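This report refers to the structure that appears directly beneath it.
Computed from a predicted structure; not experimentally measured.
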Amino acid sequence: MILDAKIPEGPIEKKWTSFKNNAKLISPANKRKFKVIVVGTGLAGSSASATLAELGYQVEAFCFHDSPRRAHSIAAQGGINAAKNYQNDGDSVWRLFYDTVKGGDFRSREANVYRLAEVSGTIIDQCVSQGVPFAREYGGELANRSFGGAQVSRTFYAKGQTGQQLLLGAYSALSAQIGLGRVMMHENSEMLDLVIVDGHAKGIVARNLITGEITTHAADTVLLCTGGYSNIYYLSTNARGSNVTATWRAYKRGAAFANPCYTQIHPTCIPVAGDYQSKLTLMSESLRNDGRVWVPKAKGDKRAPQEVPEEERDYYLERKYPSYGNLAPRDIASRSAKEVCDEGRGVGPSGLGVYLDFSGAIKRLGEKTIRERYGNLFEMYQNITGENAYERPMRIYPAVHYTMGGLWVDYNLMSNLPGLHVLGEANFSDHGANRLGASALMQGLSDGYFVIPNTLGEYLSTQFGKKVSTDLPEFKKTEAEVRAQIEKILAVKGNVPVDEFHRLLGLIIWDQCGMARSETGLRKAIEDVRALRERFWKEVAVPGTGAELNQSLERAGRVADFLEFGELMCLDALIREESCGGHFRVEHQTPEGEALRHDDKFAEVYAWMFRGENTDPDLVREPLHYEAVHLATRSYK
Amino acid sequence: MSSEATSSKKPCGCCWPIFSSSIGRKWVVALTGIILVLFVIGHLLGNLSIFAGPDAMNAYAAFLKSAGELLWVVRIGLIICVVLHIWFTITLWRENLAARPQKYAVKDHLSTTVYARLMRISGLTVLAFVIYHLAQFTWEAFNPDYKGWVDAQGRHDVYRMVVTAFQCPFVSGFYILAVGLLGMHLSHGIASLFQTLGITSKKMRPLFEQGGLVVAWLIFLGFASIPASVLLGLVKTTPVLPACPLCH
Amino acid sequence: MSTMHFHLRLWKQKSGTDAGQFIEIDAKEIPSECSFLEMLDIVNNRMTREGKEPVAFESDCREGICGTCNMVINGVPQGPGRGAACQVYMRKFENGQTITVEPFRVGAFPIVKDLVVNRSAYDRIIRSGGFISEHTGGAPDASTTLIPKPVADAAMDAAACIGCGACAAACPNSSPMLFVGAKVTHLGILPQGQAERKSRARNMVRTMQEEGFGNCSNYYACEAVCPANVPASVIAMLNREYIRGELSEAVGAID
């Protein structure tokens, strides 16, 4: 099988324009005949639903939350990139494009990334018009800050709550359309399967989480905007509900899953404190502007940080990367923290932590300035850990934050399954092997506001007169399969809570498919995941019934999918015998311990195709052609 | 919980929506509140003439009486204000009760003030007092003798009537209690009306709250000073029989 | 790590139509470092192991921003301290303390199960006007309109609302005016929001009433519990905006 990315001809700067000039259009009179199902109402889903409804399509949107406003896009702190060059610091669409390709360690698709950079500016225009209260200068202009991996200030922000404000902007646009009756919103509805009719994605099966009712919904096309799968690690910065179920079920119905091993580990999170822990909290990357990262030079040094003299401290980032120092990119900073902890020099009760020390900055700038800059973060840290970071260094440790992998899509954001479109973090397309800060919000909104409204016609124009109804046997059969899966979970009647399996799975994946991966570790992880899955189906405890609000049942379904997905993730990591971005294979490193890419063999997308239960999936490769940029080694020394 | 589910209650179409709306009715309560506060302040200033002696007070009372029809315009206006103030408060309150069908098992007052929580009690007590107060001094229902009291200039001797009445500790006690509740009512009410009419800000609110408290205290002290002075013997009149029906 | 124990009284109610009651649980050996919701996770998992149905409660991001979690802890909506219930840590409680956990008691938020309530009324309020009608692609360049920093900051303070419902839950009258006022203020003070300013306030307040919420008595309990620190001055703004909107409609002024 060949995966055709359908990239338009022409020079990279002209591709999107030429696409739009030649794209197939659906007339306003015909748009209202087409029904679009949108699953997920985060940045991508809300913006797509609102925009498609404005254009005249009939939209049915689904979210498992009680309101579309709860999606986890809301938690993004830092900001959103856009090549506006309001600062006159030399930014351009090209630079944003290049930084993103380089930041992704040359494993993303050029044409998609260029388009992302190209529409980035209009996203800001759109959001400002909606009333998103971006930070302003005293003169009233929009303010910008700088972020990792870039030498220009192109990040727009709204306090430390940019994701919240952008999501609420998209949510309000969606709400307006719901109010006008153009979007039918299904809250508390979790998609449990995709319905395929004649090889095309034509509907979904959903479960109402309040009543337990299982319903089928038919449409002309389905848009999955269901986010990433970081929660496979159990502990991540993602919301508790974030899951892989929608994309995984689509995979099992024929959609290719691309690069599942590409996950991003954020270096500055509050360390794990114990088994009971349900969630890891991110501390903004901006802290590394003034904090210095260190561990004691000696192994097992249990002294309080204040008692460790200066000469016995190892400021390892400054030592290893003198030019970037504490501001080394996320993947590198994370891996370095892991290395020192593996050497037994980690701090805190668990030994899995490093210090982020502000004492120098406080001495230099005064506590008042530090309080002004980071007061809310210090407060948050104190609330969670009970420690005062003005008096003793913070303890931080990396945590899983984002997943670059996702369902494979072409330039039109359609997967290999005709009719199935995938937007936002749920697809694989724009970030390669590592995502730069402030790029996730940009991608979600670009896909929803500006890309899909233009590309959807390519598919829908082939679908005149092909309406399907939920009376078709395909719908009945899929619904029956969903019911059977739920019955199967309820029938186990074991005595081990779902959370316990999820936690154990997280430990396996974190240890073997986390910051550093090895062949033996990955092989072992695959075995362990299989064994855990077997145990799950014998011992999981799900009290209650399927015909009511049953949170154990919801989680069990999601964890069952994670238990299958984990195997694919490890397999992908095993096959990719190189180190790139967030994927670090210990066998492939430079003598200095830096990531070693093998562009000759691996400059390609790995897309996995389901072939059946307990059967190895098929691997389909999409070669990545770099015509506009030259492959280069990332160096931050 | 699907989005189609909407409530059946529609805003009343037959009357001006402002008067059926939550905020509109509160505006009426606030605006009538302003008028009533101004009345209370005016009334207090008039009453304080007692400290200037019988002549001043009786002259003031005679001046009011001379207003004739105008006095009735004011009285009717005040009655309308009182009725609207109370009526809209009651309709709002009934909705508030209905909005929480089941109470909390554990109650925490959070930052609500005792004045705010006692608004209805203080308001209704003040209403009862006002009726009593009118019966005592305006209708002179408790002691028909009052009607015949005139001073040297032939004016109604309001001074003697008031001082006589306040010589009774029960009358004074109830009066002080009532104006105390009035003060409490106003301490929330005055600050609150700025919020309801939307003429406050984050910065101004503490000022209005403290200002409301100060005005409320001044009003309380002003009113309470009269019976207190009478009881303490600072304000005196020719000794007569106690007039209070309770004391007989 | 030290452990603590608590005496819990948790609200259990099978569905909105069933009667509910408190169940009493002795929660032993709770790590003192864990959060309130993690304590409930532990209790729920113990109940699950014993074959009992756990207590349903909502949560998602667990970092205080999504607004999903909602419960009343010892009479305080979203629990002691600033922030949502997920930001409450057990070290704030005394060892051996009795902790009562109830759902939000607001008629317009009917109980779904245990501690879970239906807050869709808030979505319907937003749908009736809490937006700027701006169709995608029609926006002028973002730098076209200058917005003074104090205005942008004030809009942000109001826009920070997480839509959790604690304001209505804390209000003795079950009034959501802090929520409605936050949106009316956020959009009403920005230049982009002027076109629909009057109709927005009018329509959102009307929907608020149709949903059966109570009326504001300026108690400020909402402000005291708001996890997002939304100031009650937004209610003053709402009061002003609404009357303006209603009056201009009544006299036939051009909106």
For residues 143-169 of chain C, the ring-ring contact (aromatic ring centres under 6.0 Å, His included) pairs (sequence neighbours left out) are none

Answer with side chain, backbone, both or neither: which region of [X] has an atom nearer than 4.5 Å to a non-hydrogen atom of chain C?
{"X": "A/Gln177", "value": "neither"}
{"X": "A/Tyr86", "value": "side chain"}
{"X": "A/Leu168", "value": "side chain"}
{"X": "A/Phe156", "value": "neither"}
{"X": "A/Thr122", "value": "neither"}
{"X": "A/Ile384", "value": "both"}
{"X": "A/Lys84", "value": "side chain"}

Within the side chain of C/Lys113, is there an N or O that forms a donor-acceptor pair under 3.5 Å with the backbone of A/Leu549?
-> yes

Where the side chain of C/Glu38 meets the backbone of A/Ser278, is there a donor-acceptor pair that is under 3.5 Å apart?
-> yes

Side chain, backbone, both or neither: which part of C/Ser128 has a heavy atom under 4.5 Å from chain A?
-> neither

Chain A heavy atoms under 4.5 Å from C/Lys52: which part of the residue, side chain, backbone, both or neither?
-> backbone

What pair of heavy atoms forms the shortest contact from [X] to [Y], and how long is it?
{"X": "C/Gln192", "Y": "A/Gly131", "value": "NE2-CA, 4.1 Å"}
{"X": "A/Pro68", "Y": "C/Arg127", "value": "CD-NH2, 4.5 Å"}
{"X": "A/Gln551", "Y": "C/Ala56", "value": "OE1-CA, 3.3 Å"}
{"X": "A/Arg136", "Y": "C/Thr145", "value": "NH1-O, 3.3 Å"}

Residue set satisfying ring-ring contact (aromatic ring centres under 6.0 Å, His included) with C/Phe36, at least two apart, ordered chain then number -> C/Phe93

Does any pair with a residue in residues 78-88 of chain C pass side-chain hydrogen bond (donor to acceptor under 3.5 Å, both in side chains), and if so which ones, sequence neighbours excluded?
-> C/Arg82-C/Asn229

Can a salt bridge be assigned to the pair [X] and [Y] using a cut-off of 4.0 Å between side-chain N and carboxylate O?
{"X": "A/Lys159", "Y": "C/Asp157", "answer": "yes"}
{"X": "A/Arg70", "Y": "C/Asp123", "answer": "no"}
{"X": "A/Glu548", "Y": "C/Lys14", "answer": "yes"}
{"X": "A/Glu137", "Y": "C/Lys149", "answer": "no"}

Below 4.5 Å, heavy atoms only, C-beta onward: do C/Ser120 and A/Glu187 meet side chain to side chain?
-> no

Determine whether C/Glu33 and A/Tyr276 make a side-chain contact, defined as any pair of heavy atoms from C-beta on separated by less than 4.5 Å.
-> yes

Atom SG in C/Cys66, atom CG in A/Asp66: separation rounded to 0.5 Å?
-> 9.0 Å

Max heavy-atom pairs within cutoff under 4.5 Å with chain A, candidates C/Met39, C/Arg91, C/Glu58, goes to C/Arg91

Side chain to side chain contact (heavy atoms under 4.5 Å, CB included) evaluation trace for C/Cys34 with A/Gln277 | CA-CA 7 Å; C/Cys34 75; A/Gln277 200 154 347; over 6 Å; no

Among A/Ser73, A/Ala75, A/Ala82, who wins on heavy-atom pairs under 4.5 Å with chain C?
-> A/Ala75

Who in residues 131-144 of chain C is close to chain A, using a strict under-4.5 Å heavy-atom cut-off?
-> C/Phe131, C/Ile132, C/Glu134, C/His135, C/Thr136, C/Gly137, C/Ala139, C/Pro140, C/Asp141, C/Ala142, C/Ser143

